[in-house]
Protein chains: 2
Amino acid sequence: MSENASAERTGFREVKEDIVSRIKNRTWGPGELLPGEVELSRQFGCARATVNRAMRELAEEGVLERKRKAGTRVVQNPVRHARFEIPIVRHEVEASGAEYRYALVKREVLTPPDWLQARMGVNSADRVIHVQCMHYSGNSPYQFEDRWINIAAVPKVEQADFTSTSPNEWLVNEVPLSKAEISFSASSASDEVARFLELKSGEPVFVAERATWLEELPITYARMSFPESYRLVSSL
Amino acid sequence: MSENASAERTGFREVKEDIVSRIKNRTWGPGELLPGEVELSRQFGCARATVNRAMRELAEEGVLERKRKAGTRVVQNPVRHARFEIPIVRHEVEASGAEYRYALVKREVLTPPDWLQARMGVNSADRVIHVQCMHYSGNSPYQFEDRWINIAAVPKVEQADFTSTSPNEWLVNEVPLSKAEISFSASSASDEVARFLELKSGEPVFVAERATWLEELPITYARMSFPESYRLVSSL
DNA sequence: AACAGGAATATGTCTATACAAAAGGAATTG
DNA sequence: CAATTCCTTTTGTATAGACATATTCCTGTT
């Protein structure tokens, strides 16, 4: 069933699958040491580079653990990694088949509040834009967005009025490849959030917070609140 | 500042960084076509395989988009990918410095309820184990776990009593490399959940649901509820 | 027994070359 | 004009060989 008798050719995908299946059927148990690349490449009848890529990717995926000289082992505690896609709100809504609507609620220029200075390292002398807006899926409230943007980092933002394009979307196109921290939590709807999401105060909301930097320069902080029906999904 | 004058040697990491920085400084804007691998390998003074690995990894990370014959472009709408670590509860608590405590609440053998048959494809003739348990961080409730395990898929589970080891941990060590679906949402605490998490009914809880299969065979479904203070964090 | 140093070894990466496969584009044909 | 076929470009992958680098393990010394 194994022992590749030079069928077609052995690609790194096949090697990966074979290794995975051997882990599944307990040929190699948790923590166990696998044969070296040279030995495996001999078994599979392929080049070492092929086995290397297979094992390297499996390590990247959290299945194997590799150390020079020590060899490759099956990971003990599968600290699993879940990968979520974080699309632009409009795309997320449109993908569900519903019509997307957007409304600007508030736009003001302020000096950064203390918590924002502390959270992101915004300079107290700088000014920030505070934007609140709503995203709708059809006629249902989908997301309330409360966002702060560092003007010093993105001067052009003063020209953007956000009446037709959401700050989310505007920033994504304007600031490439920024570093971000995201967190998710559950929270009670404040009066303000409840009003916009058409809930009662205190009802549960799903909250996503996102802080973004470009090369250590604070760009934006956003708090996005979803009604209880929202679900963040991932398969792995 | 660029044009690698054969300093040391050009590795795929350097190529990656260089490409990323050129995207950041808008040398290559969103959607723009990059030079081909051959041309870039000439510019960088390295082999095509090196450029290939750099670009391939950047594509994997969601920065570039590659298509045969069409070439490589900077991704337009950075559908960002967030990667979360999903550790074992005990490790998560212990990593925070707190003492971990665990308590089994309920363990019963049943025929699978309809929703479980529908959700996971459990055979109605099979039996399932229903387990409820609590995880504490110090003296504070950390997570309420409500889990169903397909006995047909993991016969050994009938011998496990889960009084000292949580089903989470037991399964992770017993069933390797299973496929899973995870979802997160916010919800109101039911009377039962509120009692165990020491909350009032209706207070918001953070809910993680997880369904697991091994080669299409349904293994387990778990619903894990956290108090409002819980945060799922990722940086990218 | 403790420690230092060196040899051995497994992985990490780069190179050059070759062929495969996808897909855009042009030429051909109905 | 539209559909089809074929050519060509670009990425995808495999290979053999080489050297780099991190670590373990062993050995000899104190």
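Every chain is numbered from 1, with letters handed out A, B, ... down the list of sequences.
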Chemist: Return the set of residues passing salt bridge (Lys or Arg N to Asp or Glu O under 4.0 Å) with Arg101(B) (not counting sequence neighbours), or none when no residue passes.
Modeler: none
Chemist: Would you say that more than 12 heavy atoms from the other residues, nucleotides or ligands in this model lie under 6.0 Å from the CG of Asn25(A), or not?
Modeler: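 Above 12, so yes.
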Chemist: Of Tyr230(A), Phe184(A), Phe84(A), which is the lone residue that meets ring pair (Phe, Tyr, Trp, His ring centres under 6.0 Å) with Phe184(B)?
Modeler: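 It is Phe84(A), the one option of Tyr230(A), Phe184(A), Phe84(A) that forms the ring pair (Phe, Tyr, Trp, His ring centres under 6.0 Å) with Phe184(B).
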Chemist: According to a strict under-4.0 Å criterion, is Thr72(B) in side-chain N/O contact with OP1 or OP2 of dT10(D)?
Modeler: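 The answer is no; no side-chain N or O of Thr72(B) sits under 4.0 Å from OP1 or OP2.
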Chemist: Once you round it to whole Å, what is the distance between C1' of dA14(D) and CD of Glu57(A)?
Modeler: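 It is 14 Å, rounded to the nearest whole Å.
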Chemist: Starting at CZ of Arg73(A) and ending at P of dT23(D), how long is that distance when rounded to a whole Å?
Modeler: 15 Å
Chemist: For the pair made of CZ in Phe44(A) and C1' in dA14(D), what is the distance, rounded to whole Å?
Modeler: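 In whole Å, dA14(D) C1' lies 15 Å from Phe44(A) CZ.
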Chemist: Tell me the interatomic distance from Arg42(A), atom CZ, to dA16(D), atom P, rounded to whole angstroms.
Modeler: 14 Å
Chemist: Report the distance from atom CZ of Arg210(A) to atom OG1 of Thr220(A), rounding to the nearest 0.5 Å.
Modeler: 9.0 Å
Chemist: What distance do Arg53(B) atom CZ and Arg53(A) atom CZ have between them, rounded to the nearest 0.5 Å?
Modeler: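 Arg53(B) atom CZ to Arg53(A) atom CZ measures 9.0 Å (nearest 0.5 Å).
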Chemist: Just how far, in rounded Å, is P of dT23(D) from NZ of Lys69(A)?
Modeler: 13 Å
Chemist: Would you kindly give the CG-to-C1' distance between Leu33(B) and dG24(C), to the nearest whole Å?
Modeler: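 Roughly 12 Å, once rounded to whole Å.
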Chemist: Output the rounded distance in Å from CG (Leu64(B)) to P (dT10(D)).
Modeler: 16 Å
Chemist: Identify each atom pair where a protein N or O and an N or O of nucleotides 12-16 of chain C are less than 3.5 Å apart, giving names and distance.
Modeler:
unit_1  : atom_1 : unit_2   : atom_2 : d
dG12(C) : OP2    : Arg66(A) : NH1    : 2.5
dG12(C) : O4'    : Arg68(A) : NE     : 3.3
dG12(C) : O4'    : Arg68(A) : NH2    : 2.7
dG12(C) : O6     : Arg48(A) : NH2    : 2.6
dT13(C) : OP1    : Arg13(B) : NH2    : 2.1
dT13(C) : OP2    : Arg53(B) : NH2    : 3.3
dT13(C) : O4     : Arg48(A) : NH2    : 3.1
dC14(C) : OP1    : Phe12(B) : N      : 2.7
dT15(C) : OP2    : Ala47(B) : N      : 2.8
dT15(C) : OP2    : Thr50(B) : OG1    : 2.6

Chemist: When rounded to the nearest 0.5 angstrom, what distance separates CZ in Arg231(A) from CZ in Phe206(A)?
Modeler: 10.5 Å
